[in-house]
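Structure first, commentary second.
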Amino acid sequence: MPTRSELANALRALAIDAIEKSGSGHPGAPLGMANMAESLWRGFLKHNPADPGWVDRDRFVLSNGHASMLLYGLLHLAGYALSMDEIRRFRQMGSLTPGHPECDRTPGVDMSTGPLGQGIATAVGMALAERMLAAEFNRDGMNIVDHRTWVFLGDGCLMEGVSQEACSLAGTLGLGKLVALYDDNSISIDGRVNNWFADDTPARFEACGWRVLRDVDGLNGAAVDAAIREALAHEDRPTLICCKTVIGYGSPHKAGTAGAHGAPLGPEEAAQTRAALGWKHEPFVIPQEVYDAWDARPTGKKAQAAWNELFARYAEAWPELAAEFARRMKGELPASWPGAAEEAVRVLNAPAEGGKKIATRAAGKSVLDIIAPSLPELVGGSADLTGSVGTKFNGAVELAPGKFAANYIHYGVREFAMSTIMNGLALHGGFIPYGGTFLVFSDYCRNAIRLAALMKKRVIWVLTHDSIGVGEDGPTHQPVEQSAGLRLTPGVDVWRPCDGAESAVAWISAVERADGPSCLVMSRQGLARQERSAEQLALIRRGGYVLRDCAGMPEIVLISCGSEVELAVRAAEALEAKGRRARVVSMPCCEVFDRQEAAYREDVLPSAVRARVAVEAQAADWWWKYVGLDGRVVGMTTYGESAPAGELFPHFGFTVDNVVRQAEEIL
């Protein structure tokens, strides 16, 4: 039987071999953390390599994702469908072993990591999802939701502010099934961290309500075992285990230095490291007895079988709950959803009493009030802006410490953490998360939105106060470039509706989109309802459609979205009064429109009509892709000003006269 040191050294050897063959990678963390990994994965982690998607498995997040070869080694040795050929192909095109872990590529990877801090912050969302599902579905003696969230993280993760944001909330909520193991090696890329990271990290986490286990010998498996057992003995609050390690452990010349962090050891140093570790096998060779000791499939099969038996008894006792739980974990929408979606469109398309203008943020709140009762998986929240962004639907139950049977989260002023936690809820499964803030503060959320897109997860951001229409708060709060930046992010659908009907369709489309995130960009100011036929109403789903047309082929096409659609319609009417044939295209979601078939796009924006004007109180440059070199864009090229919105729009050229003038100059 191999010793525990030999089992840990198998991980080290795989990391050395793969990184050397690739010619790039990060050997230091895998070498230093191998004993921590051996302790957790062989002694405590509940998982089944034969079924990486088992719903009651423990979740594992490698927050310091540059240590990816540690995770790939674990998955390979434990029996996941990750072959030695894939280990050899580390960081190569199309391999299952990319430079940083990707959850939609490699079996057994629960989250794509690499941007430091986001792993631990997203794990808070996973742990929260477990607690919320347990509160909703578990019954006496039948805990069908009962697992933990484990995180490995390093100094870099703790320097990133998002980790503090999220861990503060985790401590407040008492997420006792969240356990983080800190690779405390005092080294980052630039060297020893004491000159730029001298925090008393244990005290900081204790102040946030965490249980902290200090000065654990991370190179001693038995010491790590004891710390993990201590963490498991208490579930009243999350635990941070501070593991003292040596980066590049075993390397004769690079251990304990930044030189071990982000580059191969080199052939000579690699050979000396293998010798120092006592690893005498050829590269990419693992003895069978080591494989046998690492194989998690027998225990995983037994654990899942026990859960299957429990769930079968649960289904007999609570058949409706069991069916609902299974549906939600599959990510399927309920049978009642189509009716709720249809009702939302019908209600939001109806004229408001007295022709009142309605802000799309308020319209979005009305949509939520209609669809939420049919979507028990919908869980919302905001970054301390609930009343302003309209994210709390009627009947929502607020989350609080010890009160996890809830569907609304007050994240506090933590936009980035809110976004990562939303990602964690989606990654865990069983929820469709959404959260709100002002559009200008989406800059705080952007990296989490990008990760949601990379991971292809259904997460919804409600981003209100969407233009210079914010008014007196001034340019610090008036978004200009944010929508364009979000639109440029691959995989993100950005909806900017012009009225209630488009707001309803935007929400419905975001809920129904299972392969990526959506951003709903909503106005602060009231917007007029647009008249449209039943056919036009159905076409909103296609992202762009002809809202107002003319007789025959148009001479000019006005393209707009959001609050400026009303302006485009009035400009078209003015052009028509001058004998010009003008078409108005409402483009609430450019990404969805761009995915339509070529014939539809040609029908909406005829290539023969080169006279085009785009109108949006956002960054102008985005729209040139639609208007071409012959067109014009009425947009923002500077920041805004502090003044009433009614003064700002004409000041920046958002008037009927200016749009008409731009059109006439082209014609």
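No experiment lies behind these values; they were computed from the predicted model shown.
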Worksheet item: So how far is it from Asp384 CG to Glu415 CD, rounded to the nearest 0.5 Å?
Response: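 These two atoms lie 9.0 Å from each other.
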Worksheet item: Would you call the rings of His261 and His66 parallel, tilted or perpendicular if under 30° counts as parallel and over 60° as perpendicular?
Response: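 Because their plane-to-plane angle lies in the 30° to 60° range, the rings of His261 and His66 count as tilted.
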Discussion item. Parallel, tilted or perpendicular: which one describes the rings of Phe325 and Phe137, with boundaries at 30° and 60°?
Written reply: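 Ring orientation, 0 to 90° scale: perpendicular.
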What donor-acceptor contacts under 3.5 angstrom involve side-chain atoms of residues 40-48, with partners at least two apart or in another chain?
{"unit_1": "Arg42", "atom_1": "NE", "unit_2": "Ala293", "atom_2": "O", "d": "3.2"}
{"unit_1": "Arg42", "atom_1": "NH1", "unit_2": "Glu38", "atom_2": "OE2", "d": "2.6"}
{"unit_1": "Lys46", "atom_1": "NZ", "unit_2": "Asp56", "atom_2": "O", "d": "3.1"}
{"unit_1": "Lys46", "atom_1": "NZ", "unit_2": "Asp56", "atom_2": "OD2", "d": "2.9"}
{"unit_1": "Lys46", "atom_1": "NZ", "unit_2": "Asp146", "atom_2": "O", "d": "2.8"}
{"unit_1": "His47", "atom_1": "ND1", "unit_2": "Tyr80", "atom_2": "OH", "d": "2.7"}
{"unit_1": "Asn48", "atom_1": "OD1", "unit_2": "Ala50", "atom_2": "N", "d": "3.1"}
{"unit_1": "Asn48", "atom_1": "ND2", "unit_2": "Gln304", "atom_2": "OE1", "d": "2.7"}

Return a table of donor-acceptor pairs under 3.5 angstrom between the side chains of residues 280-287 and protein atoms on other chains or two or more places apart.
none

Worksheet item: For Pro264 and Lys254, which heavy atoms make the closest approach, and how far apart are they?
Response: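 Taking Pro264 first and Lys254 second, the nearest heavy atoms are O-NZ, 3.5 Å.
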Worksheet item: Looking at Val212 and Cys242, what are the two nearest heavy atoms and their distance?
Response: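 Shortest heavy-atom contact: CG1-SG, 4.0 Å.
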Worksheet item: Does Arg131 reach the side chain of Leu175, with side-chain heavy atoms less than 4.5 Å apart?
Response: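 Heavy-atom side-chain distance check passes, below 4.5 Å.
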Worksheet entry | Residue list, side chain to side chain contact (heavy atoms under 4.5 Å, CB included) with Thr172, at least two apart or on another chain |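 With sequence neighbours excluded, Thr172 shows a side chain to side chain contact (heavy atoms under 4.5 Å, CB included) to Pro401, given in chain and number order.
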Worksheet item: Between the side chain of Ser163 and the main-chain N/O of Met159, is any donor-acceptor distance below 3.5 Å?
Response: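 It does not hold such a pair.
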Discussion item. Ignoring hydrogens and geometry beyond distance, is a side-chain donor-acceptor pair present between Asn220 and Arg4 at under 3.5 Å?
Written reply: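 The criterion, which ignores hydrogens and geometry beyond distance, is not satisfied for Arg4 and Asn220.
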Discussion item. Does either side chain, that of Thr245 or that of Asp183, offer a donor lying less than 3.5 Å from an acceptor on the other one?
Written reply: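 Yes, Asp183 and Thr245 have a side-chain donor paired with an acceptor closer than 3.5 Å.
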